[in-house]
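None of the values given here were measured: they were computed from a predicted structure. Order of the sequence lines sets the chain letters (A, B, ...), proteins ahead of strands, with each chain counted from 1.
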There are 2 protein chains.
Amino acid sequence: MKKIAESTVRRLSLYLRYLEEFEKLGHDTISSGQLATSGGTTSAQVRKDLSFFGSFGKRGMGYSTRELTSRIRGILGLERTWRLVIVGAGKIGSALAGHRGFRDRGFEVVGIFDADPHRVGHTLLGVTIADVKSLERDVKRLRPDMAVLAVPPEAAPDVAARLATVGVKAILDFSTAPLHLPADVTVRRMNLALELEILSYALTNR
Amino acid sequence: MKKIAESTVRRLSLYLRYLEEFEKLGHDTISSGQLATSGGTTSAQVRKDLSFFGSFGKRGMGYSTRELTSRIRGILGLERTWRLVIVGAGKIGSALAGHRGFRDRGFEVVGIFDADPHRVGHTLLGVTIADVKSLERDVKRLRPDMAVLAVPPEAAPDVAARLATVGVKAILDFSTAPLHLPADVTVRRMNLALELEILSYALTNR
DNA sequence: TCCTGTGAAATTCTTCACAGCC
DNA sequence: GGCTGTGAAGAATTTCACAGGA
């Protein structure tokens, strides 16, 4: 497959949300223009994004909401359930673990780990917090596809490396520490302070 | 000032973290190459990013960590404290509100709001949760610079609009709902499900 | 020699504009 | 008439490559 820009993938994921919304409202078709308004982009952009994967629309008509939804789900690999472990059961980790929205979208939390003995043994939405010491053993057993890293920054590189050695190929990292991982491990970052600083820049240089 | 790409601003914010790290380790200078390795980019990119704002380095030497740190803080507008309100004291909102890291980085939580009467009146790190009904009145009094939106998606557009009418010009939004706001309001989005879907795409099309 | 600063080239991403189909 | 699909143009961003100062 031709290489697709990350920005395109991100927009597809957004389109998917609006499509689901639209479908719920009972609309059978949607035009690139309508999708564009929801996603804050242009109709040409929407058509271009979709064109990388095929032609799903009907000229003069737009796209079948149902079909486009299913196509995008297929493109993004959302036709299956992904198994997820969360490492770090602090404020962020447990907020995530307790978030039902994941399972609904096909991401199942199969394990939670923490280094703090006070937390080990507690249960979040049916999953018992395990000691991070047994990470490797448990990960081998649980076979997660992805890991969410919500540990203190100083622990992040080590935990990430350990996850990689037992075969985890995708990590969502809430720290900012530089992780050096094999090239076949995909890492995405979420960092609140970073986003706030971008807002700070915008306010300062408006 | 010339328009600077968002990607540049994001990288500056990352550089800042590594610089702080570096400074702590007692290094007086840092080269573009060293910053690049930490930030996952190239030395040319680092130099180009910095060159938009001036020339801070010494040829043959690199950059003074102390000076560069302070320059970037200046560029990003981090020489002051920013006042922040959090709307939505659910799992995510309260995890954020309880996160001491903000204050340390110059973002002070001055107000928290929720629609649930069971939550109103409780206190998080010294800030009492107020009823979202009094949002306008309280925001006028608290004069926040930014708002973090952690409400259910269906409530997001309304709350965002209300924040905008009382003068909030920067919003960090955890929902995916399309907000339509005046052009002078900067919005940044954080969406976990979206990031997980990008990982799903990466795993599916590796 | 080492490393910055920066035009110029290369690449990537977005927008335009229109033929073609419903 | 309305809207898609897509080459071609245009804009933005990254990389190259090298002159020049410490």
Between [X] ([atom1]) and [N] ([atom2]), how many Å, whole number?
X       : N      : atom1 : atom2 : result
B/Lys48 : C/dC3  : NZ    : C1'   : 16 Å
B/Leu50 : C/dT4  : CG    : P     : 9 Å
A/Ile4  : C/dT12 : CD1   : P     : 13 Å

Would you find a donor on one side and an acceptor on the other, under 3.5 Å apart, between the side chain of [X] and the backbone of [Y]?
X        : Y        : value
A/Arg17  : A/Ser13  : yes
B/Ser31  : B/Gln34  : yes
B/Ser134 : B/Arg137 : no

Pair [X], [Y]: side-chain N/O donor-acceptor within cut-off below 3.5 Å:
X        : Y        : value
B/Arg66  : B/Ser70  : no
B/Glu195 : B/Asn191 : no
B/Thr69  : B/Arg73  : no

Quick check: do [X] and [Y] have side-chain heavy atoms less than 4.5 Å from each other?
X        : Y        : result
A/Ile4   : A/Ile75  : no
A/Val185 : A/Val168 : no
B/Tyr15  : B/Thr41  : yes
B/Leu84  : A/Leu196 : yes

Is the closest basic N to carboxylate O distance between A/Asp173 and A/Arg189 below 4.0 Å?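 Looking at A/Asp173 and A/Arg189, the cut-off is met.
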Electrostatic pair A/Glu67-A/Lys58, nearest N-O below 4.0 angstrom: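 Here A/Glu67 does not pair with A/Lys58 in a salt bridge, since their nearest N and O are not under 4.0 Å apart.
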Is there a residue in [range] whose heavy atoms reach under 4.0 Å of DNA chain C, and which residues are they?
range                     : result
residues 5-22 of chain A  : A/Ala5, A/Ser7, A/Arg11
residues 54-71 of chain B : B/Ser55, B/Phe56, B/Gly57, B/Lys58, B/Arg59, B/Gly60, B/Met61, B/Gly62, B/Tyr63
residues 28-41 of chain B : B/Ser31, B/Ser32

Look up atom OG in B/Ser7 and atom CD in B/Gln45, then write down how far apart they are to the nearest 0.5 Å.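 Atom-to-atom, B/Ser7:OG and B/Gln45:CD are 7.0 Å apart.
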side-chain N/O A/Gln45 vs C/dC13 OP1/OP2, d < 4.0 Å: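 No.
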Using salt bridge (Lys or Arg N to Asp or Glu O under 4.0 Å) as the criterion, list what pairs up with A/Asp158, not counting sequence neighbours. A/Arg162
If you take any heavy atom closer than 4.0 Å to DNA chain D, which residues from residues 181-190 of chain B end up in contact?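 Those residues whose heavy atoms fall under 4.0 Å from DNA chain D, taken from residues 181-190 of chain B, amount to none.
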Using a heavy-atom cut-off of 4.0 Å to chain B, what are the terminal contacting nucleotides of DNA chain D, in 5' to 3' order?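 Taking any atom under 4.0 Å from a heavy atom of chain B, the span is D/dT13 to D/dA22.
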Describe, in one word, how the ring planes of B/Tyr201 and A/Phe53 are oriented to each other, choosing from parallel (under 30°), tilted (30 to 60°) and perpendicular (over 60°). perpendicular
